[in-house]
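Comments concern the structure below.
Naming convention: chains lettered A, B, ... in sequence-line order (proteins, then strands); numbering from 1 in each chain. Every heavy atom of this structure was used, including side-chain atoms; hydrogens, water molecules and symmetry mates were not.
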Amino acid sequence: MATLILPEIPKDYDAPSIEARCRALWEESGIHRYDPDAPGEVFSVDTPPPYVSAAHLHVGHAMSYTQAEIIIRYQRMKGRKVFYPMGFDDNGLPTERYVEKTYNINKRLTTRAAFRALCLEETRKGAAQYEELWRGLGLSVDWTLRYSTIDDHCRRTAQKSFLDLFGKGRVYRSNEPVLWDVHYETALAQADLDSMARKGKLHDIAFTAQADGSPLVISTTRPELIPACVALYHHPEDERYAHLKGTSAIVPLFGHEVPILTDETVDPAFGTGLMMVCTFGDGEDVRKWKRDKLATRLVIGPDGKMLPLAGQFAGMTAELARNAIVSALAEAGFHRKSITVEQNVSIAERSGVPVEFNMAPQWFIRVLDIKPQMLARSAELNWNPAWMKVRLDHWIEGLKYDWNISRQRFYGVPFPVWYCQGCNEPVLADAASLPVDPVEDPCPVSACPHCGSAEFRGESDVMDTWMTSSLSPLINANWAETPGRKGDMSLHPMTVRVQAFEIIRTWLFYTLIKSDAHLGTLPWKDVMISGWGLNENGKKISKSDLEKYTDKDGYNRYEPFGVIHKFGADALRYWAAGSHLGHDMRFNEKDVKDGRKLAVKLWNAARFVLMQIEGFDPEAPRPTFAERQPEDRWLLTELNKIVPVVSEGFESYNYAVSRESVDRFFWATFCDDYLEMVKHRFWKPELYTEEARVSARATLWESLRVILGLYAPFVPFTTEDLYQAIYRPVEGTVSLHVTRFPEFDAERTAEVPEMLVVGGILRAVRQLRTEARLSQTRALEAVVVDLSAASPELTEVVQAMKASIQAVSRAAEVRFDTAAYATDVAGLTVGIVAGELPEKTPTA
RNA sequence: AGGCACGUAGCUCAGUGGUAGAGCACCGCUCUGACACGGCGGGGGUCGCCGGUUCAAGCCCGGCCGUGCCUACCA
């Protein structure tokens with residue numbers, strides 16, 4: 001059998017060329033492609049479709065996507081059939097605004113189809129940038145499974161979802177007070193709200209009792225809603241106001257009469273204990289309005305300006321009207337006092353302006369009735385980390401409104417609905433015709449089945465963007481049965497949802513709703529929730545962070561392409577694996593340098609191994625484990641020990657535990673100790689048998705291979721490139737990433753107690769060298785071992801390990817004599833004899 | 001206001017009952033035949049504070065303080 005000619009590995013670690021080689025290999029070999037017919041269990045991943053128009057990519061994105069991908073690579077190496085698609089979200093306000101701005105177009109002069117074409121074009125550009133980053137990071141996405149929430153398949157799926165929910169009675173249309181964004185002039189869902197703390201003024205305002213003209217003082221932070229006042233309330237047991245029961249009050253300035261009612265939720269201790277209820281100040285007003293059938297007096301319009309009911313204040317913004325009304329009240333003698341208070345106001349997440357209520361017919365998905373069911377679904381899910389579950393549970397418990405899915409915007413997935421102009425009944429699209437746009441497409445029926453009218457109007461509202469993205473598992477599984485689309489319903493439920501924590505209440509919650517409503521199942525078995533990569537000050541990475549901090553090469557510190565360019569993709573990935581799942585992590589370049597160091601160290605360790613094993617034939621029989629040298633048995637045992645630890649870390653999404661374990665072994669045990677020891681066998685052949693070298697070569701060959709496997713999910717480029725050069729010619733597998741992940745070897749578990757002695761002497765000699773100011777590698781005349789206090793067993797071990805002791809000491813001989821320095825082995829003391837310094841420079 | 005997470009060496013973070021850890025930074029020594037993007041050694045912490053349980057607590061329990069996030073109708 002011919003000896004294998006081992007390859008030369010370039011001396012310098014060159015990340016860009018390594019990455020280029022690997023990317024080409026992965027692309028050509030198609031190893032990331034999902035093959036439904038392959039054997040094995042499926043591991044499918046529902047990963048966030050980013051907003052392409054947002055395009056502010058930073059290292060935080062790289063972090064969370066990488067954390068998930070590390071697990072995916074592991075699962076692939078465990079032999080699972082990986083289904084890893086990538087989508088892009090191009091619905092919603094961000095895209096609409098972006099395209100409007102970029103092309104400077106007037107939406108009223110274009111059609112949705114034309115607008116959609118522009119969005120698709122922008123999506124294509126934006127997605128290309130994302131794709132380049134994902135590929136650059138080594139994400140093993142199957143790009144043939146790509147989807148875009150604007151494409152026909154996704155629109156079809158979203159519209160099918162609507163039809164199905166309509167058929168099941170889960171969707172309804174109603175003219176209700178809805179949360180309203182006065183900036184973008186659209187309805188919102190509860191999940192689209194944010195809150196903002198600010199200082200406000202609490203005003204005491206006098207109403208007038210209808211019965212006797214006495215003043216009734218209420219406290220309000222929203223005096224501009226006084227014209228909208230429809231009732232006063234007090235607590236039913238508040239004796240101060242008991243006599244008002246059944247009477248009414250006159251609203252100051254505006255003069256209309258409102259009833260005085262009671263409600264348990266009124267806090268008698270707040271303000272005067274008397275409150276006004278308006279159309280509509282908050283959700284509580286809406287609740288009382290519904291329950292007590294109060295009058296309706298809308299005073300704030302869809303654009304946030306005061307309506308005619310506000311009288312002289314009509315046309316003002318609510319903000320302006322607030323001050324103007326207070327002044328008018330003061331002049332008229334109704335204003336009593338004002339105090340400054342801290343208040344929390346609800347704002348629209350997208351526009352940042354305080355939300356108002358508006359009334360318009362909207363489509364809703366009924367969710368309030370299934371809160372307990374959703375909490376049960378939450379409990380069924382395998383949450384990683386487990387404590388993220390309460391975030392969803394709290395959200396579900398706090399839900400107050402059904403999910404409003406109507407948006408009064410131009411662009412998005414249309415509702416597949418027309419309305420009869422005669423009786424206003426909705427007519428739904430045919431399932432077979434999806435996707436449709438009712439603004440442009442004709443109504444599927446020629447006469448209304450209810451009233452016979454032939455006039456129809458297509459719904460011009462579009463769906464909430466989450467209506468589509470909440471279907472990602474069903475988009476992937478081709479629930480809509482789009483022809484030519486990969487994937488089928490055997491993929492649903494998927495294995496794991498991967499996302500960050502801030503979209504638990506939206507993406508995660510809505511997806512649970514959809515799979516439950518459509519199919520009565522969970523959308524996935526597991527969820528993996530990542531934290532955020534923060535800037536150096538521990539804050540969210542902002543746009544200005546991405547504008548500042550640019551170095552002389554033009555690379556921004558938080559910008560992933562720049563980081564990859566400077567340190568390599570593996571370095572950035574390694575950094576990403578440093579935070580425990582779900583925890584935020586501050587980004588520092590110096591921490592990325594650690595990743596770079598690891599990659600370089602791996603490279604050099606591999607080069608070293610190749611140098612030492614020259615002449616090794618990987619296909620020839622190797623010594624059994626029992627036949628190996630003690631150092632070799634020890635190394636293989638230590639390596640074998642970490643394999644289950646690493647695997648269990650990955651299985652439970654705790655990649656950080658896995659990384660730490662491999663790191664400790666690789667740096668300390670393998671490089672610092674074992675490689676240093678094993679050198680001697682090759683450099684001092686006269687002290688060792690050929691069997692000892694054969695044992696070393698076999699051990700180096702095998703252990704490097706396992707190390708590459710263990711590190712493969714973290715640093716896929718470096719490990720792959722080394723695998724290609726060293727092991728592929730022997731093993732024949734196209735890529736390291738489709739080889740089997742290292743497995744625990746039940747035979748390689750023998751402890752090697754001799755190594756405790758050798759290790760103890762190694763540490764002692766290193767210490768003694770430092771104290772004597774000697775280089776660690778300088779040859780010593782002798783290492784002195786004092787066995788006077790040693791047990792017979794210890795003495796025997798020392799004798800047997802004499803060559804190793806000499807090796808780790810780099811000493812010309814081992815002397816048995818008295819010595820003072822205590823090792824960490826009981827009964828064993830050592831010393832060193834430096835001897836003459838070798839002449840370095842030639843003598844004259 | 002409630003919930004969750006966090007508070008461990010100058011910095012970033014490990015450490016789920018048994019004598020305080022890593023990396024970076026710092027101070028020495030070392031350019032030795034894988035690697036100076038390296039190696040060896042060292043200094044540095046009353047583990048936020050106060051109680052409790054235990055033979056034993058950074059770790060468990062209670063309370064407080066601080067930070068971040070989530071939730072919340074105090075009009």
Who passes side-chain contact (heavy atoms from CB on, under 4.5 Å) against A/His565, sequence neighbours left out?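 A/His565 satisfies side-chain contact (heavy atoms from CB on, under 4.5 Å) with A/Tyr555 once adjacent residues are dropped.
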
Answer yes when [X] and [Y] have at least one side-chain N-carboxylate O distance shorter than 4.0 Å, and no when they do not.
X        : Y        : result
A/Arg287 : A/Glu284 : yes
A/Asp673 : A/Arg766 : yes
A/Glu502 : A/Lys540 : no
A/Asp632 : A/Arg681 : yes

If you look at every strand shown and take non-hydrogen atoms under 4.0 Å, does [X] touch a base, only sugar-phosphate, or nothing?
X        : value
A/Ile504 : nothing
A/Glu397 : nothing
A/Cys671 : base
A/Asp672 : sugar-phosphate
A/Val390 : sugar-phosphate
A/Trp667 : sugar-phosphate

Return whichever of A/Ala605 or A/Asp584 has its heavy-atom-nearest nucleotide of RNA chain B closer to the 5' end.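 Checking each residue's closest nucleotide, the 5'-ward one belongs to A/Asp584.
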
By nearest nucleotide on RNA chain B, pick out whichever of A/Gly578 and A/Leu675 is the more 5' one.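 Final value for this comparison: A/Gly578.
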
May I ask which nucleotide in the shown strands pairs with [N], Watson-Crick or G-U wobble, both distances under 3.5 Å?
N      : result
B/rG2  : B/rC70
B/rC29 : B/rG39
B/rU16 : none
B/rC60 : B/rG52

Walk along nucleotides 69-75 of chain B from 5' to 3' and tag each nucleotide B, S or - by protein heavy-atom contact under 4.0 Å, base first, then sugar-phosphate. S-SBBBB

Considering only side-chain heavy atoms of [X], which listed nucleotide, [options], is closest?
X        : options                : value
A/His580 : B/rG15, B/rC35, B/rG41 : B/rG15
A/Arg607 : B/rA34, B/rG39, B/rG42 : B/rA34
A/Ser775 : B/rG41, B/rC37, B/rU30 : B/rU30
A/Val600 : B/rG41, B/rC35, B/rG33 : B/rC35

With no hydrogens and no angle check, do the side chains of A/Asp663 and A/Tyr574 hold a donor and an acceptor under 3.5 Å apart?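 Yes, because at least one side-chain N or O of A/Asp663 sits under 3.5 Å from a partner of the opposite role on A/Tyr574.
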
Can you check whether [X] has a side-chain N or O nearer than 4.0 Å to OP1 or OP2 of [N]?
X        : N      : answer
A/Gln612 : B/rG33 : no
A/Arg596 : B/rC37 : no
A/Lys679 : B/rA34 : yes
A/Lys11  : B/rC35 : yes

Check the distance between [N]'s [atom2] and [X]'s [atom1] and give it to me in whole angstrom.
X        : N      : atom1 : atom2 : result
A/Arg810 : B/rG39 : CZ    : P     : 13 Å
A/Gln776 : B/rC31 : CD    : P     : 12 Å
A/Trp383 : B/rA5  : CH2   : P     : 14 Å
A/Arg659 : B/rG15 : CZ    : C1'   : 15 Å
A/Met388 : B/rG3  : CE    : P     : 18 Å

Show your working on side-chain hydrogen bond (donor to acceptor under 3.5 Å, both in side chains) between A/Tyr13 and A/Asp721 and close with a plain yes or no. CA-CA 11 Å; A/Tyr13 174 79; A/Asp721 209 47; over 6 Å; no

Protein-nucleic acid N or O pairs under 3.5 Å, nucleotides 21-24 of chain B:
residue : atom : partner  : partner atom : Å
B/rG23  : O2'  : A/Asp594 : OD1          : 3.1
B/rG23  : O2'  : A/Asp594 : OD2          : 2.8
B/rC24  : OP1  : A/Lys597 : NZ           : 2.4

Under the side chain to side chain donor-acceptor pair (under 3.5 Å) test, which residues partner A/Lys199, sequence neighbours left out?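 A/Lys199: side chain to side chain donor-acceptor pair (under 3.5 Å) contacts with A/Glu342.
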
Which residue pairs satisfy the salt bridge (Lys or Arg N to Asp or Glu O under 4.0 Å) criterion with at least one member in residues 589-600 of chain A, sequence neighbours excluded?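 Only A/Lys566-A/Glu589 qualify under salt bridge (Lys or Arg N to Asp or Glu O under 4.0 Å).
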
Checking A/Arg505 now: which residues fulfil salt bridge (charged side-chain N to carboxylate O under 4.0 Å, His left out) with it, not counting sequence neighbours?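 Partners of A/Arg505 under the salt bridge (charged side-chain N to carboxylate O under 4.0 Å, His left out) test: none.
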
Would you check if the distance from the ring center of A/Phe567 to the ring center of A/Trp575 is below 6.0 Å?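 Distance test on ring centres: not under 6.0 Å, no.
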
